[in-house]
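Below: one structure, written as structure tokens.
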Amino acid sequence: MARPFRFGVNLLAPAPGAEWRATCRRAEELGYDVILVPDHLGMVAPFPALVAAAEATERPRLGTFVLNAGFWNPALLAREVATTDALTGGRLELGLGTGYVPAEHEAAGLPFGSPRERVDHLRRTVVELDRLLGSEEHAPRPVQSRVPLLIGANGDRMLRLTAGHADIAAFTGARPGAAAGSLEPLTAEELDERVARYRELAEGRARPAELNLLIQLVAVTDDPGTVLKPLLERHPGLTLEQARDLPIVLAGPLDDVVAKVRAQRERFGFTYLTVLEPSMEAFAPVMERLREESA
């Protein structure tokens, strides 16, 4: 049987304490299963933000989406993970990636490195976290026997790492663009190939991973052309229909959007969808409809 859907929202906007907690409570009220935070300079510090989210909510899981491994020393990260899992009552899900914005590393005084170097560092981080958090001697201790690990991946080496270690395989639906720190969306056919490659690498796993997709834009509307105009301006090679067909875009009437989510679960196996904070309210009726149909 297919996994049930899970839905997460990645909160992007820094806010004072009361406002941050109100946003987290609203995400819970709307029915999100996971409240997530990114790891970019200029946005919230991930772990204190998740502890505050836990204090404001009862049900949702709490996760990083995703930590930039280049910002973190594995031993210090293990301490943060264990402490945060304890302070949130065992609700933490740890998302890791390599980072893709050179300017952030420059601002932090940290080397950005080549793609190979960034993947190598992420691999060392994953292995060391397994060792440290898997040891009964490590202090502090997390509440969960294993904090679920999500890895955001697209390239072959990252997919291999994800297949070997991650509980959740997260697909960005995009590749690095020509400009530093930019992303180019993948077509459905390109994403087919990436998911197929992951499944090939993950053959023989004792327990299949949950598959996640980050949705960049959600708009329930009878006028998708207006909503998608900025995307078309950024990517002039796309037609409106091609933009609507992108896996990371959900734009159109409610019935069409719901049908696309179901179709993408059938086609790719995505049962865990993450939306960005600006789409939090717009995606709520989609979640509600999908849950009604599954009841």
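Every heavy atom of this structure was used, including side-chain atoms; hydrogens, water molecules and symmetry mates were not.
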Determine whether Leu36 and Leu87 fall in the same hydrophobic cluster, where Ile, Leu, Val, Met, Phe, Trp and Tyr are linked whenever their side-chain heavy atoms lie under 4.5 Å apart. no
Do Phe171 and Val195 make a side-chain contact, defined as non-hydrogen atoms from C-beta onward lying under 4.5 Å apart? yes
Under 4.5 Å between side-chain heavy atoms, counting indirect links through other Ile/Leu/Val/Met/Phe/Trp/Tyr residues: same cluster for Leu94 and Met43 or not? no
Would you mind reporting whether Leu231 and Leu246 have side-chain heavy atoms less than 4.5 Å apart? yes
From CZ (Arg123) to CZ (Arg160), nearest 0.5 Å: 8.0 Å
Decide whether Phe47 and Leu150 are clustered together by the hydrophobic rule: side chain heavy atoms of Ile, Leu, Val, Met, Phe, Trp, Tyr closer than 4.5 Å, transitively. no
Assess whether side-chain contact (heavy atoms from CB on, under 4.5 Å) is satisfied between Met287 and Phe283, documenting all intermediate values. CA-CA 6 Å; Met287 291 192 297; Phe283 192 62; 3.4 Å; yes
To the nearest 0.5 Å, what is the distance between CZ (Arg157) and CG (Leu201)? 12.5 Å
Inspect the contact between Glu128 and Arg131 and indicate whether a charged nitrogen and a carboxylate oxygen are less than 4.0 angstrom apart. yes
Can we say Arg61 and Glu93 salt-bridge, meaning some charged N sits less than 4.0 Å from an Asp/Glu carboxylate O? yes
Got a second to check how far Leu67's CG is from Asp39's CG, nearest 0.5 Å? 5.0 Å
Please check this pair: side chain of Ser279 against backbone of Ala282, looking for a donor-acceptor N/O pair closer than 3.5 Å. no
Looking at Asp156 and Arg194, is any side-chain nitrogen of the basic one under 4.0 Å from a carboxylate oxygen of the acidic one? yes
Is there a donor-acceptor contact under 3.5 Å from the side chain of His121 to the main chain of Ala69? yes
Would you say Leu50 and Val37 make side-chain contact, with heavy atoms under 4.5 Å? yes
Heavy-atom pair of closest approach, residues Gln144 and Pro148: OE1-CD, 3.4 Å
Enclosure of Arg79 CZ (heavy-atom neighbours >12, cutoff 6.0 Å): no
What verdict does the side-chain contact (heavy atoms from CB on, under 4.5 Å) test give for Tyr100 and Asn68, after you've listed the backbone C-alpha separation in whole Å, the side-chain angles of each residue and the deciding distance to 0.1 Å? CA-CA 8 Å; Tyr100 64 93; Asn68 177 350; over 6 Å; no
Show the nearest heavy-atom pair for residues Ala53 and Leu62, with the distance to one decimal. CB-CD2, 3.8 Å
As a quick check of understanding, evaluate side-chain contact (heavy atoms from CB on, under 4.5 Å) for Leu217 and Leu228, giving each step before the final call. CA-CA 9 Å; Leu217 186 152; Leu228 293 176; 4.1 Å; yes
Would you call the rings of Phe112 and His105 parallel, tilted or perpendicular if under 30° counts as parallel and over 60° as perpendicular? perpendicular
Closest non-hydrogen contact found for Ala153 with Met158 is CB-CB, 3.6 Å
Val34 versus Phe65: any side-chain heavy-atom pair under 4.5 Å? no
Ring-face cation contact, Phe270 with Arg265, 6.0 Å cut, 45° max: no
Residues Arg291, Asp33: salt bridge by 4.0 Å N-O rule: yes
Spell out, as yes or no, whether a donor-acceptor pair under 3.5 Å connects the side chain of Trp20 to the backbone of Pro14. no
Closest approach of Thr23 and Glu277, non-hydrogen atoms and distance? CG2-OE2, 4.0 Å
Around Arg116, counting heavy atoms of other residues, nucleotides and ligands shown, do more than 12 lie under 6.0 Å from its CZ? no
A quick test of your reading: do over 12 heavy atoms of other residues, nucleotides or ligands sit less than 6.0 Å from CD of Glu58? no
Are Arg207 and Asp167 ion-paired here, with the side-chain N under 4.0 Å from a carboxylate O? no
Can you tell me how far apart CZ (Arg175) and CG (Leu191) are? Round to the nearest 0.5 Å. 10.5 Å
Would a distance-only check, ignoring hydrogens and angles, find a side-chain to backbone donor-acceptor pair under 3.5 Å from Arg205 to Gly164? no
Hey, mind stepping through Leu214 and Thr172 against side-chain contact (heavy atoms from CB on, under 4.5 Å) and telling me if it holds? CA-CA 6 Å; Leu214 172 61; Thr172 60; 5.8 Å; no
Between Pro140 and Thr83, which heavy-atom pair has the shortest distance, and what is it? CG-OG1, 3.3 Å
Here the pair of heavy atoms bringing Ala209 nearest to Ala169 is CB-N, 4.2 Å
Just by distance, do the side chain of Tyr198 and the backbone of Asn154 share a donor-acceptor pair under 3.5 Å? no
Check whether any side-chain N or O of Glu80 sits under 3.5 Å from a backbone N or O of Leu77 as a donor-acceptor pair, and report yes or no. no
Answer yes or no: are there more than 12 heavy-atom neighbours, outside Glu193 itself, under 6.0 Å from its atom CD? yes
Got a donor-acceptor contact below 3.5 angstrom from the Thr98 side chain to the Val119 backbone? no
Taking Ala263's backbone N and O only, do any of them form a donor-acceptor pair with Glu266's side chain (distance below 3.5 Å, no angle check)? no
Do Leu213 and Pro247 come within less than 4.5 Å of each other through their side chains, counting heavy atoms only? yes
Starting from Phe5, can I reach Val258 by hopping between I/L/V/M/F/W/Y residues whose side chains sit under 4.5 Å apart? yes
Output yes when Asp245 and Lys260 qualify as a salt bridge under the 4.0 Å nitrogen-oxygen rule, no when they do not. no
Would you check if Leu273 and Asn212 make a side-chain contact, meaning some heavy-atom pair closer than 4.5 Å? no
Minimum side-chain heavy-atom gap Asn10-Val275 below 4.5 Å: no
Gap separating the CG atom of Leu11 from the CG atom of Leu276, nearest 0.5 angstrom: 10.0 Å
Within a strict 4.5 Å, meaning less than it, do heavy atoms of the Leu96 and Val66 side chains meet? no
Going hydrophobic residue to hydrophobic residue with side-chain gaps under 4.5 angstrom, can you get from Leu149 over to Val143? no
Stepwise salt bridge (charged side-chain N to carboxylate O under 4.0 Å, His left out) check, Asp85 with Arg91: CA-CA 6 Å; Asp85 192 54; Arg91 292 159 66 185; over 6 Å; no
Let me see the working for Glu29 and Arg26 under salt bridge (charged side-chain N to carboxylate O under 4.0 Å, His left out), right down to the final yes or no. CA-CA 5 Å; Glu29 290 169 0; Arg26 180 58 178 161; 3.4 Å; yes
CD1/Ile168 to CD1/Ile151 distance, rounded to the nearest 0.5 angstrom? 10.5 Å
Under 3.5 Å, side chain of Thr57 to main-chain N/O of Arg59, donor-acceptor pair present? no
